[in-house]
> 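Attaching a single structure in structure tokens format; questions to follow.
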Amino acid sequence: MPNCPKAGCTHHRIVRILGIDPGLQTTGFGVVDVAGAALSYVASGTIKTTHLERGDLPGRLKVLFDGITEVAARYQPDAASVEIVFVNVNAQATLLLGQARGACLTALVCSALPVAEYTALQMKQAVAGHGKAAKAQVQAMVQRLLNLPGLPGTDAADALGLAITHAHVGASMSRLAQATELQRKSSGMYKSGRSR
């Protein structure tokens with residue numbers, strides 16, 4: 001049975017990527033299938049902790065951990081992509097966001113997923129073509145790239161954008177890895193030939 005959305009194509013394996021946009025109140029997730037250069041939407045949504053007391057940090061982190069674990073179990077991705085958090089003006093907010101991100105990363109690693117990390121700038125460049133894209137532009141481009149019937153929410157759009165970024169980078173990296181593997185084989189042959 002062909003494994004590629006293009007009729008008759010059997011050489012592209014479908015890779016499923018889970019994108020995560022971490023946040024203490026709302027964490028976005030997006031799942032995308034990639035076959036060669038073809039992207040297809042699988043699912044997206046948010047994990048919210050707003051039903052808990054603001055001061056209940058351990059409880060909120062558990063909700064995020066459990067939520068990401070559940071998403072990973074349901075959609076069985078091959079890889080995950082998470083946004084890198086930078087220090088902003090409010091140090092306390094940055095610290096809390098970092099802890100939310102830690103809970104997400106831990107859930108992904110506990111689900112035995114390889115995790116790639118990208119900045120918001122890298123994601124915007126990959127999706128919208130420039131790093132200063134507004135949230136609305138990212139939403140519109142994600143909608144277009146994945147052929148969605150409506151605009152995804154901002155958190156889900158960022159998460160889908162991270163999955164798309166990894167799809168683009170992953171394709172480049174696999175080409176690079178193949179070239180490196182070829183180089184390694186030839187240099188290995190040379191070394192083993194010399195050592196005899």
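Quick caveat: nothing in here was measured; it's all calculated off a predicted structure. Nothing fancy with the numbering, it's 1 onward along the sequence.
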> Would you give the length of the straight line joining atom CD of Q125 to atom NZ of K132, rounded to the nearest 0.5 angstrom?
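Going from the CD atom of Q125 to the NZ atom of K132 covers 9.5 Å.
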> With distance as the sole test, does T119 use its side chain to make a donor-acceptor pair with the main-chain N or O of I84 at under 3.5 Å?
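Judged by distance alone, no pair lies under 3.5 Å.
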> Does R16 use its side chain to pair, donor to acceptor, with the backbone of Q76 at less than 3.5 Å?
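Pair absent, no side-chain N/O of R16 close to backbone of Q76.
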> Is there side-chain contact between R13 and D78, with at least one heavy-atom pair below 4.5 Å?
yes
> Which atoms form the tightest heavy-atom contact between I14 and A35, and what is the distance?
CG1-CB, 3.9 Å
> With a 4.5 Å limit on heavy-atom distance, are the side chains of Q92 and L95 in contact?
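Counting from C-beta outward, Q92 and L95 do come under 4.5 Å.
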> Considering all heavy atoms of both residues, which atom of H166 and which atom of A79 are nearest to each other, and what is their separation?
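Answer, listing the atom of H166 first, then A79: NE2-CB, 4.0 Å.
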> State, to 0.1 Å, how close A159 and G30 come at their nearest heavy-atom pair, and which atoms those are.
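Nearest pair, atom of A159 first, then G30: CB-N, 3.5 Å.
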> Look at the side chain of S81 and the backbone N and O of L162, then say whether any donor-acceptor pair between them is shorter than 3.5 Å.
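It does hold such a pair.
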> Taking C-beta and beyond as the side chain, do T69 and C110 meet within less than 4.5 Å on heavy atoms?
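The answer is no; the side chains never approach within 4.5 Å.
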> Is V169 reachable from V34 through a run of I, L, V, M, F, W or Y residues, each pair having side-chain heavy atoms under 4.5 Å apart?
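Same cluster: V34 reaches V169 through Ile, Leu, Val, Met, Phe, Trp or Tyr contacts under 4.5 Å.
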> Kindly indicate whether the side chain of R54, heavy atoms from C-beta on, has any atom under 4.5 Å from the side chain of Q25.
yes
> Verify the cluster assignment for L151 and V127: are they in a single hydrophobic cluster under the rule of side-chain heavy atoms below 4.5 Å apart?
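L151 does not cluster with V127.
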> Could you check whether any side-chain heavy atom of L57 comes within less than 4.5 Å of a side-chain heavy atom of L24, counting everything from C-beta outward?
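Yes, at least one pair of side-chain atoms sits under 4.5 Å.
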> For the residue pair V31 and L160, what are the closest heavy atoms and their distance?
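Nearest heavy atoms, V31 then L160: N-CD2, 3.8 Å.
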> If Ile, Leu, Val, Met, Phe, Trp and Tyr residues are connected whenever their side-chain heavy atoms lie under 4.5 Å apart, and connections chain through other members, are V15 and L113 in the same group?
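No, V15 does not connect to L113 through the hydrophobic network.
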> Quick one: do I164 and V42 end up in the same hydrophobic cluster if we chain Ile, Leu, Val, Met, Phe, Trp and Tyr together by side-chain heavy atoms under 4.5 Å apart?
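Shared cluster, no.
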> Tell me which donor-acceptor pairs under 3.5 Å the side chains of residues 136-150 have, and how far apart each pair is, sequence neighbours excluded?
{"residue": "Q137", "atom": "OE1", "partner": "A134", "partner atom": "N", "Å": "2.7"}
{"residue": "Q139", "atom": "NE2", "partner": "P152", "partner atom": "O", "Å": "2.7"}
{"residue": "Q143", "atom": "NE2", "partner": "L148", "partner atom": "O", "Å": "3.4"}

> Grab the two heavy atoms, one from I47 and one from V63, that are nearest each other, plus how far apart they are.
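I47 and V63 have their closest heavy atoms at CG2-O, 3.9 Å.
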> Measure across L97 and G23 and return the closest heavy-atom pair with its distance rounded to 0.1 Å.
CD1-CA, 3.7 Å
> Taking C-beta and beyond as the side chain, do L18 and L108 meet within less than 4.5 Å on heavy atoms?
yes
> Output the distance between atom NZ (K124) and atom OG1 (T165), rounded to the nearest 0.5 Å.
11.5 Å
> Quick one: pull up CG in L39 and CD1 in I17 and give me the separation to the nearest 0.5 Å.
8.0 Å
> Any side-chain to backbone donor/acceptor pair from D155 onto T27? Under 3.5 Å, distance only.
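Checking the backbone N and O of T27 against the side chain of D155, no donor-acceptor pair under 3.5 Å is found.
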> What's the spacing between Y118 OH and H168 NE2 if we round to 0.5 Å?
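If we round to the nearest 0.5 Å, Y118:OH and H168:NE2 are 10.5 Å apart.
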> When you group the ILVMFWY residues by side-chain heavy-atom contacts below 4.5 Å and let the links chain together, are L105 and I20 in the same group?
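Same hydrophobic cluster.
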> Can you tell me how far the OG atom of S40 sits from the CG atom of D33, to the nearest 0.5 Å?
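So the gap between those two atoms works out to 4.5 Å.
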